[in-house]
Amino acid sequence: MSEVRELFLDEGVDEQVLHELKTLWENKLLQSKAVEGFHSDEQAALQASQQQQQQHIQHVQQVTQPAQTQQVILPPQQQQQAPQQQVIVRDPKLLQHMSATGMSAAATAATLALPTGVTPYQQIITQQGQILQVVRAPNGAQYIIQQSQQPIVLQQPMQSGGVQAPVIQQVLAPLQGGLPQQTGVIIQPQQIVLAQGNKVQDNAQVMQAAAMVPQPGQAAGAAPGGAAGGAATQVQQAHAAAAPQAPLQPQAQQQAQLQAQQPPMMLQVDGAGDTSSEEDEDEEEEYDDDDDEEKDKDGGEDGQVEEEPLNSGDDVSDDDGGELFDTENVVVCQYDKIHRSKNKWKFHLKDGIMNLNGRDYVFSKAIGDAEW
Amino acid sequence: MAYQLYRNTTLGNSLQESLDELIQTQQITPQLALQVLLQFDKAINTALANRVRNRVNFKGSLNTYRFCDNVWTFVLNDVEFREVTDLVKVDKVKIVACDGKSE
């Protein structure tokens with residue numbers, strides 16, 4: 001950050017500095033990543049050497065709880081291993097979650113070792129054989145899918161894709177502040193059996209089946225099922241690469257049957273239409289069929305209709321002038337006092353960053369006058 | 001809590017882009033990225049308050065103004081930003097200002 005501040009104080013920004021900034025930022029993150037990777041390495045060592053030792057579990061928990069930040073305290077127990085490139089920065093979150101569910105150190109280590117950026121999700125194997133699947137949606141939201149039951153300890157390196165078919169009981173809401181797109185995609189508690197041989201080609205089917213399981217044949221389940229399918233699709237996609245191996249429980253078999261029976265549902269990556277009912281989706285599809293331009297211009301909604309004449313009114317703006325820059329010059333700051341007399345405005349601003357004509361400036365105080 | 005106002009600056013955006021890249025490659029978690037951004041907010045606010053000591057004057061014509069949620073947003077035209085050292089002219093500038101009086 002100090003380096004950034006120095007750059008920050010330098011007035012004037014060009015592309016080079018921007019790239020340097022990015023590099024610096026990334027380097028900085030790499031450093032923190034190294035720490036995390038180190039920690040995860042230890043976890044992997046734990047798994048390799050000892051499995052399911054309470055001490056480790058406690059260590060993990062102890063480390064996890066206080067270490068909400070990226071800094072993870074390395075358990076003194078373990079011999080240090082070669083630093084790993086892998087970062088599991090989500091250690092604190094995951095570990096905490098894992099500890100909450102009583103995961104073993106082995107599971108933790110497996111989890112930490114797993115996410116080498118192979119697939120968009122990670123598997124965390126709990127002590128009881130539960131598998132926590134952290135699914136990363138494309139937009140960055142994280143879903144943790146808790147799968148209960150299953151005494152079978154499933155350990156699959158994500159890379160090899162030996163994903164087994166845990167039963168997903170609950171899909172937790174996204175860890176990260178809930179993206180608006182997917183706010184509606186909160187999967188109801190359902191049992192989803194991942195493939196058993198179905199592989200995940202029918203991801204939607206699985207989710208659909210899962211959705212249908214508690215309420216078979218209910219249309220109501222279809223909508224949330226669709227929503228679930230949207231989120232689970234990502235999970236399923238991850239599973240798709242993996243070949244389900246785990247023996248299915250009777251429930252799984254039933255669901256597998258259901259999968260076969262269920263017609264494939266649309267894979268919905270975005271959750272926009274999921275939350276709405278099917279009718280709305282149909283309507284939206286109709287709108288989509290129409291030219292989007294028409295929709296924008298004519299306006300499917302009243303607001304857009306009004307915007308058209310408004311926008312045309314706004315077009316009476318000044319010319320860009322001789323100097324054309326892509327930058328819209330922006331000033332972000334804080335205001336001390338804004339004053340107006342008739343149409344005379346006075347601005348008293350402070351602590352601002354300006355980007356003018358592509359260059360960056362800063363000020364501690366700025367005073368301005370403008371006439372409206 | 002520090003304003004997240006400065007995230008839409010060159011610094012802030014490049015940071016967010018870098019973070020997004022790392023998230024894409026699964027090297028960090030979104031949670032961590034959020035922590036970094038929060039840390040960035042604090043640092044930026046502190047740096048601006050403590051490290052910067054210069055003044056700017058500007059003059060122009062006001063095109064639009066908005067005051068919503070205690071945030072002023074102005075769009076000025078044909079503005080001159082004058083500092084002791086130099087002068088910068090822009091045809092259009094948007095000013096976003098959060099309440100600085102509360103502190």
Side-chain angles (χ1 to χ4, degrees), chain A residues 1 4-5 8-9 13 18 21-22 25-26 29 33 69-70 87 89-90 92-93 115-117 136 140-142 175-177 317-318 320-321 323 328-338 345 347 349-357 360-372, chain B residues 3 5-6 8-11 14-15 17-23 25-32 34-36 39-40 43 45 47-49 51-63 65 67 72 74 76-79 81 83 88 90-101:
Chain A
M1 295 298 280
V4 174
R5 285 182 188 175
F8 172 77
L9 289 178
V13 172
L18 184 61
L21 271 174
K22 285 190 78 169
W25 282 123
E26 291 186 14
L29 290 169
K33 182 185 80 169
T69 63
Q70 307 122 16
V87 176
V89 172
R90 51 173 105 189
K93 188 74 176 181
T116 319
R136 279 187 52 86
Q142 284 187 4
L175 294 181
Q176 301 299 324
S317 62
D318 302 341
D320 288 341
E323 296 178 352
E328 175 179 316
N329 307 297
V330 179
V331 177
V332 282
C333 57
Q334 301 174 26
Y335 62 87
D336 275 330
K337 193 164 184 60
I338 305 292
W345 288 76
F347 315 96
L349 310 171
K350 71 176 186 184
D351 295 341
I353 303 178
M354 309 193 286
N355 185 283
L356 306 174
N357 295 332
D360 268 12
Y361 306 88
V362 294
F363 62 84
S364 63
K365 275 189 69 158
I367 298 184
D369 283 286
E371 197 172 307
W372 182 71
Chain B
Y3 283 125
L5 170 71
Y6 301 100
N8 187 24
T9 56
T10 311
L11 266 182
S14 57
L15 173 61
E17 287 171 15
S18 310
L19 290 173
D20 285 341
E21 284 178 17
L22 289 173
I23 291 178
T25 60
Q26 297 279 319
Q27 287 172 305
I28 65 172
T29 77
Q31 178 65 19
L32 175 60
L34 185 63
Q35 294 295 329
V36 172
Q39 179 61 35
F40 168 79
N45 276 278
L48 276 174
R51 292 199 175 203
V52 188
R53 286 281 176 265
N54 61 324
R55 240 176 91 144
V56 168
N57 285 330
F58 63 94
K59 187 193 283 268
S61 53
L62 185 63
N63 185 307
Y65 55 90
F67 183 60
W72 277 104
F74 306 101
L76 273 61
N77 291 119
D78 299 328
V79 196
F81 287 86
E83 201 164 355
V88 182
V90 295
D91 294 317
K92 178 183 168 189
V93 64
K94 172 192 271 194
I95 300 182
V96 181
C98 287
D99 192 352
K101 288 174 275 188

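Owing to the predicted nature of the structure, the values given are computational and were not obtained by experimental measurement. Within every chain, numbering begins at 1; the chains are lettered A, B, ... in the order of the sequence lines, protein sequences first and strands thereafter.
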Answer yes if the ring centres of Phe74(B) and Phe347(A) are under 6.0 angstrom apart, and no otherwise. yes
OG of Ser61(B) to CD of Glu371(A): how many Å apart, nearest 0.5 Å? 8.5 Å
Given the options Val362(A), Val330(A), Val332(A), Thr9(B) meets side chain to side chain contact (heavy atoms under 4.5 Å, CB included) only with Val332(A)
Can you spot which of Leu356(A), Ile367(A), Asp369(A), Leu349(A) makes a side chain to side chain contact (heavy atoms under 4.5 Å, CB included) with Phe58(B)? Leu349(A)
Would you give the length of the straight line joining atom OH of Tyr361(A) to atom CZ of Phe81(B), rounded to the nearest 0.5 angstrom? 10.0 Å
Contact summary for Lys350(A) and Gly100(B), nearest pair of heavy atoms: NZ-O, 2.7 Å
Could you tell me if the side chain of Val52(B) sits less than 4.5 Å from the side chain of Asp351(A), heavy atoms only? no
Counting only heavy atoms closer than 4.5 Å, note whether Ile338(A) contacts chain B via side chain, backbone, both or neither. side chain
In this structure, CG of Asn329(A) is separated from CG of Asp91(B) (nearest 0.5 Å) by 8.5 Å
Measuring from Phe363(A):CZ to Leu48(B):CG, what's the distance to the nearest 0.5 Å? 9.0 Å
Going by heavy atoms in the side chains, are Val56(B) and Met354(A) under 4.5 Å from each other? yes
